[in-house]
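All remarks here apply to the structure that follows.
Both counts, for ligands and for their atoms, begin at 1 and track the order of listing.
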Amino acid sequence: MFPFPFSAFNFQNSVIVILILMLIIKLYIECTKGVCKSTKRLDGKTIIITGANTGIGKETALDLASRGGRIILACRDLKKASLTKDDIVQKSGNCNVLVKKLDLASLASVRQFAKDVLENEPKLHLLINNAGCGGNNKQYTQDGLENQMQSNYFGHFLLTNLLLGLMIKTAENEQENVRIINVSSDISYFCRSLNFEDLNFVQDRTAGTFLAPYKIYGTSKLCNILFSMELANKLEHHGNAITVNSLHPGSVYTEFGRFSSMFSAMMIIGIPFLKTPKEGAQTTIYLAVADEVANVTAQYFRDCKIATPSKLAQDSGMAKKLWDVSETLVHLQSNEKFF
Ligand SMILES: NC(=O)c1ccc[n+]([C@@H]2O[C@H](COP(=O)([O-])OP(=O)(O)OC[C@H]3O[C@@H](n4cnc5c(N)ncnc54)[C@H](OP(=O)(O)O)[C@@H]3O)[C@@H](O)[C@H]2O)c1
């Protein structure tokens, strides 16, 4: 339509505009990245991190090990976890790092892990529920729960309940602030409803469609936030010095894309804009160590600041209902219930 030099000029201009826009976005991301500045030591503190063999969990473990904590890497693949442990010990100079088997997609494994911790650890100061998978095709575990829902949410719900007694005892005996941190995601904003009759997506209308795995992932991450809110609420009524917060780590270049071709493609295309795992771990580390959040509970964080989660994630009625349904789905026994 236009003579060649003119269209070429337009093309050049378009490329320049796109590059400038990319630069502005990059600058914005760089300027808003949260960094944990606390130099707090964690000597004498026991810390559990789920999914700590890679990505954000591994970077969190390395940082907290460097602060002198006793770090339990709670992982499903013992070989990978053992290599990670060696790397963390070497880089941090802290030998007090151990691996324990935890597969969140198995309620029996969660119970076995908790039993091991309760028998062998006299105290627990920090529980970081970090493990997660996303975008996997719908599949069911041996417990009859949807795999993403169980790995990201139900497994952590059960684990936290089983370890609550030990954490409360630690808080009481040591007059110490004890913290529970749930790694969620801003993808929870896309979850527009929660069907308590079908939390495992058995009858879901989108089943089998391209979007189904992402809908399940978003739902599991919404559940992480609602769970944090309700647990914080229950603990506050109980008068204990335990805080519970959730967070979005940012968009981070990790192995997370291995579960789904769409996430994998997004990670490759988005590389220039993604955080490194170390940057992605900053908000978790901040919530674990910073003095200014010692008494902050039931909040959602992004870039080391309080953020507002979706409307649904602030619905306390939903949070209560989710707790009750979850107790039933993980078969929480009366001797396992703290509240
Ligand atoms: N990366 C991002 O952009 C991003 C954004 C928002 C939120 N997040 C959240 O951040 C957390 C960490 O993700 P990441 O990016 O670090 O991903 P990652 O590199 O894939 O690490 C995920 C970790 O979770 C473990 N895991 C998955 N399913 C498990 C199960 N059933 N039982 C025990 N461990 C299990 C993995 O173990 P294996 O190595 O054995 O698979 C791995 O250690 C996740 O909760 C994720 O939802 C990430």
### Query
How about Phe190: does its CZ atom have over 12 heavy atoms from other parts shown lying under 6.0 Å from it?
no
#### Entry: Leu102, portion touching ligand 1 at heavy-atom distance under 4.0 Å
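Under 4.0 Å from ligand 1, Leu102 contributes backbone atoms alone.
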### Query
Any idea which part of Lys80 is under 4.0 Å from ligand 1, heavy-atom wise: side chain, backbone, both or neither?
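The answer is the side chain of Lys80.
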Does [X] come within less than 4.0 Å of ligand 1, judged by its heavy atoms?
{"X": "Lys221", "value": "yes"}
{"X": "Ser251", "value": "yes"}
{"X": "Pro249", "value": "yes"}

### Query
Would Phe259 and Tyr217 count as a close aromatic pair, with their ring centres under 6.0 Å?
no
Contact atoms of ligand 1, heavy-atom distance to [X] under 4.0 Å:
{"X": "Ala105", "result": "31 (N)"}
{"X": "Asp103", "result": "30 (C), 31 (N), 32 (N)"}
{"X": "Gly51", "result": "23 (C), 24 (O), 25 (C), 43 (O)"}

Under a 3.5 Å threshold, yes or no: a donor from one side chain and an acceptor from the other, between [X] and [Y]?
{"X": "Asp103", "Y": "Ser109", "value": "no"}
{"X": "Ser106", "Y": "Gln142", "value": "yes"}
{"X": "Tyr300", "Y": "Ser228", "value": "no"}

### ligand 1 N/O within reach of Val252 N/O, cut-off under 3.5 Å
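There is such a contact, yes.
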### Message
Would Arg76 count as a polar contact of ligand 1, with the cut-off being nitrogen or oxygen pairs under 3.5 Å?
### Response
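Among all N and O atoms of Arg76, at least one is under 3.5 Å from an N or O of ligand 1.
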List the closest protein heavy-atom neighbour of [atom]: residue, atom name, distance to the nearest 0.1 Å.
{"atom": "atom 47 (O) of ligand 1", "value": "Tyr217 OH, 2.6 Å"}
{"atom": "atom 5 (C) of ligand 1", "value": "Gly250 O, 3.1 Å"}
{"atom": "atom 41 (O) of ligand 1", "value": "Arg258 NH2, 2.6 Å"}
{"atom": "atom 7 (C) of ligand 1", "value": "Ser184 O, 3.2 Å"}
{"atom": "atom 16 (O) of ligand 1", "value": "Ile56 N, 2.9 Å"}
{"atom": "atom 43 (O) of ligand 1", "value": "Asn53 OD1, 2.7 Å"}
{"atom": "atom 34 (N) of ligand 1", "value": "Ala131 CB, 3.7 Å"}
{"atom": "atom 17 (O) of ligand 1", "value": "Phe256 CD1, 3.3 Å"}

### Task
Could you check which of Asn182, Val183, Asn130, Ile128 puts a non-hydrogen atom nearest to atom 45 (O) of ligand 1?
Asn130
#### Entry: Heavy-atom nearest option to atom 22 (C) of ligand 1, drawn from Gly132, Ala81, Ser109, Gly55
Gly132
#### Entry: Single hit among Asp87, Asn130, Thr254, Thr84 for side chain to side chain donor-acceptor pair (under 3.5 Å) with Lys58
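Of all the options given, the one that passes is Asp87.
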### Note: Asp303-Lys275 ion pair, threshold 4.0 Å (strictly below)
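The answer is yes: the pair qualifies as a salt bridge.
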### Message
Under a 4.0 Å threshold between the charged nitrogen and the carboxylate oxygen, would Glu176 count as salt-bridged to Lys45?
### Response
yes
### Task
For side-chain hydrogen bond (donor to acceptor under 3.5 Å, both in side chains), just list the numbers for Thr219 and Tyr153, CA-CA rounded to whole Å, side-chain angles, deciding distance to a tenth of an Å, and then say yes or no.
CA-CA 9 Å; Thr219 304; Tyr153 169 62; over 6 Å; no
### Message
Give me the atom names and distance for the closest heavy-atom approach of His331 to Arg111.
### Response
O-NH2, 3.0 Å
### Task
Please answer whether the main-chain N or O of Leu104 pairs with a side-chain N or O of Arg76 as donor and acceptor at a distance below 3.5 Å.
no
### Query
Within the side chain of Asp198, is there an N or O that forms a donor-acceptor pair under 3.5 Å with the backbone of Gln203?
yes
